[in-house]
Number of protein chains: 2
Amino acid sequence: MPAPDTTSLAEALRPAVLRLARHLRREAQRVGISEVDWQLLSIIYRRPGIGVSELADMEMIRRPTMSAHVKRLEAAGWIERQPSACGDQRRVGLALTAAGRAALASIRDSRTGWLRDRLAALDPDARDAIAAALPAIAALVEVQP
Amino acid sequence: MPAPDTTSLAEALRPAVLRLARHLRREAQRVGISEVDWQLLSIIYRRPGIGVSELADMEMIRRPTMSAHVKRLEAAGWIERQPSACGDQRRVGLALTAAGRAALASIRDSRTGWLRDRLAALDPDARDAIAAALPAIAALVEVQP
DNA sequence: CTTGCATAGTTAGAGAGCCTAACTAAATAC
DNA sequence: GTATTTAGTTAGGCTCTCTAACTATGCAAG
């Protein structure tokens with residue numbers, strides 16, 4: 001292939017990504033909400049009435065896993081299950097509670113955080129390189145046949 | 001684009017990284033050895049006699065966590081503790097066993113894997129973008145004040 | 001309308017991976 | 001010779017993820 005050796009690229013990318021993920025998790029714990037929870041609250045905020053399976057598909061996580069997340073968020077009082085809008089009794093419609101909206105807003109403020117500071121500390125060139133690579137990184141995990 | 005907003009860059013990078021990490025972990029499980037274990041075996045192979053604390057520092061995880069990893073790798077028969085080379089009775093010197101070397105070799109072969117295929121499926125430009133961003137991503141998690 | 005399959009979601013059980021707090025034991029410093 | 005530092009372990013807990021097996025609803029075809 002004309003491209004750089006994909007094997008070595010993979011071998012270099014793998015540890016870098018996992019190490020960064022480790023730090024992000026640590027940081028999230030410091031802030032008090034996990035990345036997954038934050039992400040889910042954001043999605044439910046944007047798409048009230050969404051169901052468990054749809055969420056699972058969006059995040060590419062198995063349904064029982066997502067079911068547990070939803071249960072936890074509900075127990076925390078951040079989301080609630082509404083009767084299915086479309087009449088399908090199997091589906092649940094998820095929506096933020098007032099507390100959930102408040103949590104989302106307050107977290108958004110307090111979430112400036114570690115990653116932003118680290119990014120800000122980089123050379124502008126390095127930051128641009130990351131920005132340029134983001135679509136490609138996202139494409140790696142895109143669903144496909 | 002000269003100085004992309006670091007906050008939005010952080011908000012975009014975070015989910016991308018965590019999602020990719022999720023996939024990598026899943027894939028590692030399919031292959032039969034976790035990324036952490038593979039990484040540790042590689043490091044110990046390159047630096048026999050290394051200690052638990054050094055490993056923990058290199059991977060930027062806490063010592064008890066690393067202690068547990070080491071214990072597990074030892075139980076699997078992949079590494080062994082040698083009497084400290086330098087006479088310091090507190091330190092352990094870790095080294096691969098014959099089985100560990102064999103495992104490393106066999107895994108290296110069977111590890112062509114998901115990530116490499118995904119990278120290979122990208123446009124060359126996208127791959128180049130990731131390669132260009134790698135140093136910056138690594139720098140994000142570099143130790144420093 | 002019943003039989004049978006598909007879909008939405010849950011429960012149960014497991015395992016990886018990370019953490020902090022508190023400990024032992026050896027080295028070092030005063 | 002006590003006091004501090006360093007290497008490593010133990011204990012206990014949390015989060016995130018998975019698979020397998022289940023319930024209950026919807027739907028379609030005979």
Side-chain angles (χ1 to χ4, degrees), chain A residues 15 17-40 49-76 79 81-94 141, chain B residues 14-15 17-40 49-76 79-94 141:
Chain A
V17 164
L18 288 165
R19 223 169 276 191
L20 183 49
R22 207 137 61 200
H23 276 258
L24 287 175
R25 198 186 311 171
R26 218 180 317 212
E27 182 58 15
Q29 174 168 337
R30 203 187 57 74
V31 170
I33 188 174
S34 77
E35 176 61 21
V36 173
D37 287 357
W38 160 262
Q39 202 68 29
L40 293 180
I50 195 172
V52 172
S53 297
E54 285 170 279
L55 277 178
D57 290 346
M58 286 180 72
E59 286 297 304
M60 285 177 283
I61 280 175
R62 300 290 180 248
R63 264 183 291 187
T65 304
M66 186 56 77
S67 183
H69 283 312
V70 164
K71 195 176 177 184
R72 193 163 32 73
L73 291 174
E74 191 186 17
I79 67 175
R81 296 160 195 265
Q82 298 169 333
S84 57
C86 60
D88 187 333
Q89 300 295 139
R90 294 169 306 177
R91 298 206 36 180
V92 298
L94 302 171
V141 292
Chain B
R14 207 191 310 257
V17 164
L18 288 165
R19 222 170 275 191
L20 184 50
R22 204 138 63 203
H23 277 258
L24 287 175
R25 205 172 312 158
R26 219 178 325 213
E27 182 60 15
Q29 174 167 338
R30 203 188 56 74
V31 170
I33 187 174
S34 77
E35 174 62 20
V36 173
D37 286 358
W38 194 82
Q39 201 69 29
L40 293 180
I50 195 172
V52 173
S53 297
E54 285 170 280
L55 277 178
D57 290 346
M58 286 179 73
E59 286 297 304
M60 285 178 282
I61 62 188
R62 301 288 180 244
R63 264 182 291 188
T65 305
M66 186 56 76
S67 184
H69 284 311
V70 165
K71 194 175 176 183
R72 193 164 29 74
L73 291 174
E74 190 185 16
I79 67 174
E80 60 187 3
R81 297 161 195 264
Q82 298 169 330
S84 55
C86 60
D88 186 332
Q89 299 296 138
R90 294 170 307 178
R91 297 205 38 178
V92 298
L94 302 171
V141 293

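Worth saying up front: this structure is predicted, and the values here are computed from it rather than measured. Lettering follows sequence order; numbering is per chain, from 1.
- For the atom pair B:Leu73 CG and B:Met66 CE, the distance stands at 9.0 Å (nearest 0.5 Å).
- The two residues A:Ala28 and A:Ser34 make their nearest non-hydrogen contact at CB-CA, 4.1 Å.
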Report all interatomic pairs (protein N or O, nucleotide N or O of nucleotides 11-17 of chain D) with separations under 3.5 Å.
| from | atom 1 | to | atom 2 | distance (Å) |
| --- | --- | --- | --- | --- |
| D:dC16 | OP1 | A:Ser34 | OG | 2.6 |
| D:dC16 | OP2 | A:Arg72 | NH2 | 3.4 |
| D:dT17 | OP1 | B:Arg22 | NE | 3.3 |
| D:dT17 | OP1 | B:Arg22 | NH1 | 2.7 |
| D:dT17 | OP2 | A:His69 | NE2 | 2.8 |

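- Here the closest non-hydrogen pair linking A:Ala56 and A:Arg63 is CB-CG, 3.9 Å.
- B:Met60 contributes atom CE, which lies 5.0 Å from atom CZ of A:Arg19 (distance to the nearest 0.5 angstrom).
- Between B:Arg30 and B:Glu27 there is a salt bridge, with a side-chain nitrogen of the basic residue lying less than 4.0 Å from a carboxylate oxygen of the acidic one.
- Residue contacts shown for A:Val92 are limited to sugar-phosphate atoms, with no base heavy atom under 4.0 Å away.
- Remark: B:Ser67 OG to B:Leu55 CG distance equals 11.0 Å, nearest 0.5 Å.
- Note: CZ (B:Arg90) to P (D:dT4) measures 16 Å, nearest angstrom.
- By the neighbour-count criterion of 12 heavy atoms within 6.0 Å, atom CD of A:Glu54 is densely surrounded, having more than that number from other residues, nucleotides or ligands.
- The structure places CD1 of B:Ile33 at 9.0 Å from CH2 of B:Trp38, a figure rounded to the nearest 0.5 Å.
- For B:Arg91 and D:dT6, the CZ to P distance is 14 Å, given to the nearest whole Å.
- Of all non-hydrogen atoms in A:Leu94 and A:Ile79, the two that sit nearest each other are CD2-CD1, 4.4 Å.
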- Fill in the dot-bracket string of DNA chain D, one character per base: . for unpaired, | for a pair to another strand, ( ) or [ ] for pairs within the strand, taking Watson-Crick or G-U pairs under 3.5 Å. ||||||||||||||||||||||||||||||
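- Taking 4.0 Å as the cutoff to heavy atoms of chain B, we find the contact window on DNA chain C bounded by C:dG17 to C:dA27.
- Atom-to-atom distance recorded for B:Leu18:CG and A:Arg22:CZ is 12.5 Å, nearest 0.5 angstrom.
- Position along DNA chain C of the nearest nucleotide to A:Gln29 versus A:Lys71 favours A:Lys71 as the more 5'-ward residue.
- Within 4.0 Å (heavy atoms only), A:Arg30 reaches no atom of the nucleic acid at all.
- The heavy-atom pair separating A:Val70 from A:Arg81 by the smallest distance is CG1-NH2, 3.5 Å.
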